[in-house]
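What follows is a set of notes on a single structure, which appears directly below.
Only heavy atoms go into these numbers, but all of them, side chains included; no hydrogens, no water, no symmetry mates. Ligands are counted one by one from 1 in listed order, and the atoms in each one are counted from 1 as well.
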Amino acid sequence: MSIQILGIFGSMRQESSNRGLVKLAQKLAPTDVTFTVHGDIGALPFYNEDLEDPSRTPAVVQQWRELVRQADALFIAAPEYNFGPTAVLKNAIDWASRPMGQHVLSGKVISLISSSGGTGGAHMIEQLSGILGLLGNTVITEPNGQIAKGAARIASDGSTTDPSIEALVRERLQALIATVQSTRQ
Ligand SMILES: Cc1cc2nc3c(=O)[nH]c(=O)nc-3n(C[C@H](O)[C@H](O)[C@H](O)COP(=O)(O)O)c2cc1C
């Protein structure tokens, strides 16, 4: 059975380097893996529990949940904002984590990396890996995925001037695929 990976970037910026990291992962993914990039988690409304009434759940939320449900693994690249995850990414996680007890964001293998400012996203990675782990996922944070001042070296189309960044993304993909395969045995 082929492996389905969903790529998610946690920045709405047009020239986002984290969008570039996800595009690079899609480009480097082996041909027997289906790697889909989610185009815009910024299109999701702010989480509102009133909208859990099925007659009121927006189509964009249903589509987001279905994409997550279909994926074996998530490849997330996101910046750190004020020592934590960006609001747009946390909002997307909140939507995927409900309804409680039957939500789609559990049992996934998730790779987390960050192109950020000076910290390289260390705080964000620590917080988000805790959150995603508590939701019941296996989170991969090795080899170290903290890329300090990454926007200077990663374009939003996935091109990079730094071979170590391509090597990191390649290693993470391998780890993600190997972990999914090991959970299927
Ligand atoms: C509101 C805001 C807060 C930020 N806080 C941090 C931070 O706490 N640590 C850090 O390393 N970079 C911080 N940055 C810098 C971003 O992580 C950095 O610009 C990153 O490259 C943006 O990702 P992108 O290229 O995908 O848009 C912050 C940027 C903004 C706009």
Side-chain angles (χ1 to χ4, degrees), residues 5-29 33 35-48 60-61 63-64 67-68 71 73-97 105 108-135 137 139-176:
I5 302 178
L6 178 63
I8 300 159
F9 46 92
S11 167
M12 292 176 67
R13 205 166 66 86
Q14 196 63 37
E15 298 303 322
S16 163
S17 53
N18 287 284
R19 178 197 298 257
L21 286 170
V22 173
K23 292 260 183 182
L24 178 59
Q26 184 182 41
K27 195 172 77 182
L28 295 176
V33 165
F35 193 116
T36 307
V37 177
H38 189 281
D40 187 12
I41 55 173
L44 294 165
F46 276 127
Y47 184 85
N48 177 346
V60 71
V61 170
Q63 287 153 8
W64 161 241
L67 276 175
V68 176
L74 309 181
F75 187 100
I76 300 178
E80 176 172 291
Y81 276 7
N82 296 317
F83 313 103
T86 57
V88 72
L89 179 58
K90 181 60 169 54
N91 185 53
I93 289 170
D94 289 345
W95 276 119
S97 70
L105 192 51
K108 308 291 178 189
V109 181
I110 303 177
S111 165
L112 195 50
I113 60 174
S114 178
S115 163
S116 286
T119 74
H123 308 279
M124 184 281 290
I125 289 174
E126 187 181 354
Q127 291 169 32
L128 211 52
S129 58
I131 291 166
L132 293 169
L134 286 166
L135 285 170
N137 303 284
V139 186
I140 298 174
T141 56
E142 295 289 331
N144 186 332
Q146 300 165 22
I147 304 169
K149 302 195 166 93
R153 287 169 288 150
I154 309 158
S156 58
D157 65 359
S159 54
T160 175
T161 51
D162 184 343
S164 73
I165 290 173
E166 186 165 322
L168 164 68
V169 171
R170 207 182 283 279
E171 279 189 70
R172 278 302 186 88
L173 273 173
Q174 284 166 358
L176 203 56

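Among residues at least two apart or in separate chains, side-chain hydrogen bond (donor to acceptor under 3.5 Å, both in side chains) pairs with a member in residues 109-118 are Ser17-Ser115, Ser111-Arg172, Ser114-Ser116.
For the residue pair Arg19 and Gln14, the shortest heavy atom distance occurs at NE-O, 3.7 Å.
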Could you list each N/O atom of ligand 1 together with any protein N/O atom closer than 3.5 Å, one pair per line with the distance?
unit_1	atom_1	unit_2	atom_2	d
ligand 1	5 (N)	Asn82	N	2.8
ligand 1	8 (O)	Glu80	OE2	3.3
ligand 1	8 (O)	Asn82	N	3.2
ligand 1	8 (O)	Phe83	N	2.9
ligand 1	9 (N)	Glu80	OE2	2.9
ligand 1	11 (O)	Gly117	N	3.0
ligand 1	11 (O)	Gly118	N	3.4
ligand 1	11 (O)	Thr119	N	3.1
ligand 1	11 (O)	Thr119	OG1	2.9
ligand 1	12 (N)	Gly117	N	3.0
ligand 1	14 (N)	Glu80	O	3.4
ligand 1	17 (O)	Glu80	O	2.9
ligand 1	17 (O)	Gly117	N	3.4
ligand 1	23 (O)	Asn18	ND2	3.2
ligand 1	25 (O)	Arg13	NH2	2.7
ligand 1	25 (O)	Ser17	N	2.9
ligand 1	25 (O)	Ser17	OG	2.7
ligand 1	26 (O)	Ser16	OG	2.6
ligand 1	26 (O)	Ser17	N	3.3
ligand 1	26 (O)	Asn18	N	3.1
ligand 1	26 (O)	Asn18	ND2	2.8
ligand 1	27 (O)	Ser11	OG	2.7
ligand 1	27 (O)	Arg13	NE	2.8

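Evaluation of the side-chain hydrogen bond (donor to acceptor under 3.5 Å, both in side chains) rule for Ser164 yields Asp162 as partners, not counting sequence neighbours. Checked against side-chain contact (heavy atoms from CB on, under 4.5 Å), Ala87 has no partners two or more places apart in sequence or in another chain.
Taking the side chain as every heavy atom from C-beta outward, Tyr81 and Val88 never approach each other to under 4.5 Å.
Enclosure of atom NZ in Lys108 by more than 12 non-hydrogen atoms of other residues, nucleotides or ligands within 6.0 angstrom is indicated.
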